[in-house]
Amino acid sequence: MPDATFPLPEYPAYDPAAIEASWQKRWADNGTNAPNLESGKDPYYQLMMFPYPSGEGLHIGNLFAFTGADIHGRFQRLQGKTVFEPIGFDSFGIQTENYAMRVGEHPAALTPRNVQRFREQLQRAGLMVDWTKEVITSDPSYYKWTQWLFLQLYKQGLAYKKAAAVNWCPSCKTVLANEQVKDGLCERCESLVEQRLLEQWFFRTSKYAPRLLENIATLDWSEVTKQAQRNWIGRSEGAHVTFRVANAHDVTVFTTRPDTIFGATWLVLAPEHPLVAEITSAAQRTDVAAYLERTKTQDVVSRRVSKEKTGVFTGAEAINPATGQPIPVWIADYVLMEYGTGAVMGVPGHDQRDFDFAQNFALPVIRVVVNASDDAATPLTEAYLSKSDADVMVNSAHFSGMPVPQAKAAVTAWLQERSSAQAVVNYRLNDWCISRQRYWGPPIPIIYCDSCGPVPVPEEQLPVVLPLIEDFRPDDSGISPLARHDEWYRVPCPECSAMGRRETDVSDNFLDSAWYFLRYPSANRSDVPFDAALTKRWLPVTTYIGGNEHAVLHLLYSRFITMALKDAGFIDFEEPFTRFRAHGMIIRDGAKMSKSKGNVVNPDDLIDRWGTDSFRTYLMFLGPYEEGGDYRDSGITGVRRFLDRIWASMHECVTTGAPDPVVVRKLHATIKKVGEDIPQLSYNTAIAAMMEYVNVLRTNERTVHRDEVLPLVQLVAPFAPHIAEECWAYAGGVASVFDGGWPTYDPALLIADTITIAIQINGKTRGTVIVGKDATQPDVYAAAMLEPNIAKFLQDEPKKVIYVPGRLLNIVL
RNA sequence: GCCGACGUGGUGGAACUGGUAGACACGCCAGACUUAGGAUCUGGUACUUCACGGUGUCCGGGUUCGAGUCCCGGCGUUGGCACCA
């Protein structure tokens, strides 16, 4: 930066702090970033994932995410679209509640402060956010509609209550979703997770599994995200096969390998299977009871992580419908009640888990699939998982000798004829448990009445306001703290007016964020969750940019809610996000930033030192936006120099004379490149292209013409909006640079008069020649012969000559 | 175990459908202007060789006139899921 002791320049030094504050104020005063949602032409809904307002303030990852989304939104605006770029705060939830407990404050006191701090930081970040449509999920004006949403799903039969074995964290004292359990430990506090049986509210996400899966193909989303969704939904084709058990009961299993049924030498039920009690023989009752007790009290770690196969014999026998032979029925906790039918057939020869089980309990192994080169008599040392289409059946009655793929269908059909099987498709997507026995969330709007049962709170009585209570801490009763407050808890039944009790569970934080994008355009409306006309005009979201850590849950829940609302007739689309792009993660020194590692970077300090524009541009320059990058302190100087040079060029430029054609040619190439890179989120290469242009622009301190620099100001505007506005205004631009459009390029100017052709001998580059742009192969060849370095190789006639016009000539000797 | 991504100078990273590997930037070296330089500008910077040249995109094969890019087989790093029948 220029020093004050030096002869003063004739123009003001680039002072980011001053111009950034001034432009942020002007944008707010002029409503620059608040589009007219009713009438703006070409609506473009640019969404970014709203932050959870933590006590630590915004971190660099947030700003990386938001800046990337903002650049995209600003670019769309420069293309003439009316861009709506809202933001809000995901302020309910267990994170805030846990933080509040840690610092000994009430979440209701903490949240507004955190939100305010986030707001200030976000405003400094120079985002094109429409602050008039801000949404705060913990505000009654928002969660009123979250509760309304619950009621709509309830009416549709998509919300129901059931007793379920849940993951219980003894430290957080709450139920955890399966997704919140990592290796049997609580995702947040890393305590051992236990199992408990509780009455919970569920949404029927499983009903939508096929649609959620099929629609993925129609979405313009990052491929990684789509794949993660597919895996999560987990479709598998197979069959339900029914076994007769103890001459009295039918037990249905799900299998993806019906072809291996001749190798099924036992049947296993999950410990929670409803038939366990009925089929257990008198002799085995004690052992079974002991086993059930053990699996129930066992913590989830030993159940889910140690894959040791345990089990107990029920004393019952089942008939294998293929062989007609009796096989023993076992109970084992490697069978999960949540998946399939909660029962499986044990085929030790061709399933590794069954093989391990057979080893532990000395159960017979029958091989029913062999590879062409294998001998069926060789004892197996592990399960043979059929991988080749050349595998054939053995020991399988009249199916022996049949190739495996064919046998899958044939065996199913054969069993089906005998009413023992049915081809089915199974999904691993479970229903969504939305109950949380906690305080900091929207109370689920249900009242229990002794005579009427569960009664939904009438819509006109919403919101069910979360009461301000001092002792919001959960205890280990498993019941929400709200139950301890009679004046809130006791309430008349809406139907019969007898005294009833409120549901004390609050809903999952993911429900708050599963519909916020619907609320934004209608954020100022208190009478409806979303205005019909505005929703029609602005949704679905045009482009959504966010972290891939939400690739599964948040995005899937949002899709589910959107589908449910469509089916209920509230909206006319069923996919909320037309285009989704996942950004990468910012790491430092090859590792995630974390407080414990002490490698956290504070964005405020960087903005103070270098300015928002430099900081934004630097974040985008670190690496490909969709991959993230490695943060280093040293690199930001290069970006700041780049902006300094733009500033200097603008203030030193002349309007007399004509722009240099060579510079103009480079300018047009840069306009093309930047305009192509931004929509693909190739921000790092767009910035590199502009830097290259600046290097040409200022070569040897040449005099810059205004027409050479003004389009550059427009190109850089999405990245560095404040300096762009300032330069635009300096050059006499009226209004905002963002209403000035995007520069166009002349394709004719991109074609140079001369081109450089690489000359290769046997594929090895030996030199280059410069020829006219229309040079033919003989022209290039002749030119190459004038180069001594090339000519010396050509004592003999070349065998072959390959010419790639405009690129290279390869002479093969 | 399953699914995915990635592997290029001292560093972050470029390289469109196979076509001059290392754009751009940091750092470093040298020079200019300077009382000064942590400002600005200019030049250089993959490795190796005095040079001509040779070698280079994780390793080993292959396809091709030509491979960072495509194919096969390894190794490594990283993200997600995981007793899902």
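So that the names make sense, note that chain A is the first sequence line, chain B the second, and so on, each numbered from 1. Computed from a prediction, not measured in an experiment: that's the story for all the values here.
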Contacts of Arg428(A) that satisfy salt bridge (charged side-chain N to carboxylate O under 4.0 Å, His left out) - sequence neighbours left out: none
d(CG, Leu808(A); P, U64(B)) in whole Å: 19 Å
Under the 3.5 Å rule, do the base of C83(B) and the side chain of Lys309(A) count as making a donor-acceptor pair? yes
Pair of N/O donor and acceptor under 3.5 Å linking C16(B) base with Arg807(A) side chain: yes
Excluding sequence neighbours, so at least two apart, what forms ring pair (Phe, Tyr, Trp, His ring centres under 6.0 Å) with Tyr208(A)? Phe560(A)
Judged by each residue's nearest nucleotide on RNA chain B, which is more toward the 5′ side, Gln227(A) or Leu622(A)? Gln227(A)
As a test of reading the structure: which of [options] is closest to the side chain of [X], going by heavy atoms?
X: Pro624(A); options: A85(B), C24(B), A14(B); result: A14(B)
X: Val344(A); options: C65(B), A85(B), C83(B); result: A85(B)
X: Arg766(A); options: A14(B), C41(B), G54(B); result: G54(B)
X: Trp232(A); options: C3(B), A14(B), A82(B); result: A82(B)
X: Val812(A); options: A23(B), A25(B), C65(B); result: C65(B)
X: Asn810(A); options: G66(B), A82(B), U40(B); result: G66(B)
X: Phe254(A); options: C24(B), A85(B), C41(B); result: A85(B)

Counting only Watson-Crick or G-U wobble pairs whose two distances fall under 3.5 Å, which nucleotide matches [N]?
N: G12(B); value: C24(B)
N: C52(B); value: none
N: U69(B); value: none

For the residue pair Asn430(A) / Tyr339(A), report whether a side-chain donor-acceptor contact shorter than 3.5 Å exists. no
